[in-house]
Amino acid sequence: MNTLIGAVAGLGAIGLLFGLLLAIADEKLKIELNQLEEELLKALPGANCGACGYPGCSGYAHALTLGNLSPDKCIAGGNETAKKLAKILGVEVTAKERKTAYIKCQGGTGKASDVFIYDGFPDCQTAILVSGGHKACQYGCLGFGTCARVCPFNAIKMNPETCLPEIDRNLCTSCGICVTECPKKIISLVPEKAKVEIRCSSFDKGVEVKKKCSIGCIACQICVKKCPQKAITVKDNLAVIDYTKCNNCMDCVPVCPTKSIYTPAENT
């Protein structure tokens with residue numbers, strides 16, 4: 001009995017000693033935040049997405065205290081956060097146009113053909129290492145959802161029927177992480193007000209596109225001719241919209257023979 005009591009007392013003493021050591025270490029090693037940095041950190045959304053270019057919100061808050069840095073780098077917080085930071089810093093900030101991500105591919109299940117069956121690890125960055133991926137279209141979405149997994153705001157979901165990602169514009173903060181991580185580079189940021197999107201990334205000639213995907217852009221230029229704002233051009237066999245000219249008239253949408261042009265209202 002005495003042995004048991006002695007062992008318990010010994011363990012308790014060791015635990016107390018380690019607790020004291022940890023408390024001392026915490027006090028000695030902790031990083032003191034100045035008042036300005038604390039205020040800036042509180043104004044940030046705490047997303048820690050890194051889209052500002054710094055390691056998390058604390059890194060950005062600290063960088064702001066060093067001066068000569070614009071308070072509009074927090075993509076997740078948008079203009080409202082920029083205004084709060086500018087007020088704390090006593091500087092002016094110009095509101096930026098809000099953007100959203102969109103998927104430049106519709107070649108999902110039943111639309112785009114495959115050249116082989118991929119049976120490896122289900123990740124786009126891994127799958128592309130095998131001959132560039134299983135899709136016949138070298139520009140097409142691989143459909144393994146890497147973009148959805150890296151999105152810190154749960155704004156991207158994989159459609160189980162098409163095996164394509166879909167973006168919830170209400171949740172997207174245009175942080176751009178999915179744009180960076182997509183190995184096929186089929187995700188872009190467009191102004192939130194944009195109502196038309198070219199949902200294809202293929203630079204193949206039209207005849208090759210038809211062989212590989214039933215819904216790809218064939219560079220027929222009908223949309224170019226139809227656009228009253230001259231906002232659409234065809235570059236390297238792919239239609240491109242100049243959003244500084246587009247007024248969302250959507251005249252290009254119904255004339256596209258392959259349905260490569262979509263509106264967010266029809267397909268998020």
Side-chain angles (χ1 to χ4, degrees), residues 100-151 155-169 172 177-190 194-224 232-241 252-268:
T100 187
Y102 88 103
I103 309 296
K104 299 185 294 181
C105 179
Q106 298 179 99
T109 304
K111 302 293 184 183
S113 58
D114 297 340
V115 288
F116 63 88
I117 297 174
Y118 174 75
D119 194 28
F121 185 70
D123 176 79
C124 299
Q125 293 185 347
T126 303
I128 198 174
L129 298 176
V130 184
S131 301
H134 59 290
K135 288 290 185 66
C137 174
Q138 62 176 307
Y139 308 98
C141 176
L142 296 176
F144 294 112
T146 297
C147 54
R149 286 192 290 276
V150 300
C151 178
I156 305 179
K157 303 292 184 187
M158 294 301 295
N159 185 317
E161 296 183 358
T162 64
C163 291
L164 290 175
E166 295 179 348
I167 295 175
D168 185 334
R169 285 190 163 208
C172 178
I177 292 177
C178 58
V179 177
T180 303
E181 295 296 323
C182 173
K184 287 291 187 178
K185 305 303 178 187
I186 61 161
I187 308 178
S188 285
L189 300 177
V190 295
K195 300 298 181 186
V196 289
E197 300 168 347
I198 307 294
R199 295 206 168 189
C200 180
S201 298
S202 175
F203 296 116
D204 285 336
K205 292 183 178 179
V207 64
E208 289 299 316
V209 173
K210 283 187 172 181
K211 291 178 182 177
K212 302 171 182 176
C213 180
S214 65
I215 201 163
C217 174
I218 56 174
C220 65
Q221 304 210 26
I222 294 177
C223 56
V224 176
I232 305 179
T233 55
V234 170
K235 183 178 180 181
D236 297 329
N237 300 315
L238 182 64
V240 179
I241 297 177
C252 57
V253 178
V255 300
C256 176
T258 61
K259 307 302 179 186
S260 297
I261 308 177
Y262 261 70
T263 72
E266 293 177 73
N267 187 358
T268 57

Quick note, salt bridge (Lys or Arg N to Asp or Glu O under 4.0 Å) partners involving residues 121-141, not counting sequence neighbours, are Asp123-Arg149

Taken to the nearest 0.5 Å, the spacing of Cys213 SG from Lys111 NZ works out to 8.5 Å

Task: Ring centers of Phe144, Tyr118 separated by less than 6.0 Å - done: yes

One should read off an interatomic distance between Ile103 CD1 and Asn159 CG, to the nearest 0.5 angstrom, of 11.5 Å

Note: Val209 and Ser202 closest approach over all heavy atoms is CG2-OG, 3.5 Å

side-chain contact (heavy atoms from CB on, under 4.5 Å) test vs Cys223 passes for just one of Ile232, Thr233, Ile241, namely Ile232

Say whether, by atom type as modelled, one donor and one acceptor occur between the side chain of Thr146 and the main chain of Cys124 under 3.5 angstrom.
yes

Residue pair Arg199, Ile215: steps toward the side chain to side chain contact (heavy atoms under 4.5 Å, CB included) verdict: CA-CA 9 Å; Arg199 295 206 168 189; Ile215 201 163; over 6 Å; no

**Prompt:** Got Asp204 and Gln138 here, is their nearest side-chain heavy-atom distance under 4.5 Å?
**Reply:** yes

Between Asn237 and Phe203 the two heavy atoms that sit nearest each other are ND2-O, 3.0 Å

Chi angles and distances behind the side chain to side chain contact (heavy atoms under 4.5 Å, CB included) call for Thr100, Val190
CA-CA 6 Å; Thr100 187; Val190 295; 4.1 Å; yes

Interatomic distance, SG@Cys141 vs CE@Met158, rounded to 0.5 Å, equals 5.5 Å

**Asked** When you measure from the side chain of Gln125 to the backbone N and O of Pro183, does any donor-acceptor pair fall under 3.5 Å?
**Response** no

Scanning both residues in full, the closest heavy-atom pair of Pro257 with Ile218 reads CG-CD1, 4.4 Å

- prompt: Hey, does the side chain of Lys185 reach the backbone of Thr180 with a donor-acceptor pair shorter than 3.5 angstrom?
  reply: yes

Shortest non-hydrogen pair, Cys178 vs Cys147, comes out as CB-CB, 4.0 Å

Quiz item: Are Leu238 and Tyr139 close enough, and set up right, to give a side chain to side chain contact (heavy atoms under 4.5 Å, CB included), and what steps lead you there?
Solution: CA-CA 12 Å; Leu238 182 64; Tyr139 308 98; over 6 Å; no

For Gly133 and Phe116, the nearest pair of non-hydrogen atoms, with its separation, is O-CE2, 3.3 Å

Answer yes or no: are there more than 12 heavy-atom neighbours, outside Lys210 itself, under 6.0 Å from its atom NZ? no

Here the gap from Ile177 atom CD1 to Ile187 atom CD1, rounded to the nearest 0.5 Å, amounts to 11.5 Å

Please check this pair: side chain of Thr263 against backbone of Glu197, looking for a donor-acceptor N/O pair closer than 3.5 Å. no

Separation between OG (Ser214) and NZ (Lys259), nearest 0.5 Å, reads 12.5 Å

Residues passing the side-chain hydrogen bond (donor to acceptor under 3.5 Å, both in side chains) test with Ser201, sequence neighbours excluded, are none

d(Ile198 CD1, Ser188 OG) to nearest 0.5 Å is 11.5 Å

For Ala112 and Gly107, the nearest pair of non-hydrogen atoms, with its separation, is CB-O, 3.3 Å

Self-check item: Verdict with reasoning, Lys184 to Leu142, per side chain to side chain contact (heavy atoms under 4.5 Å, CB included)
Solution: CA-CA 8 Å; Lys184 287 291 187 178; Leu142 296 176; 3.9 Å; yes

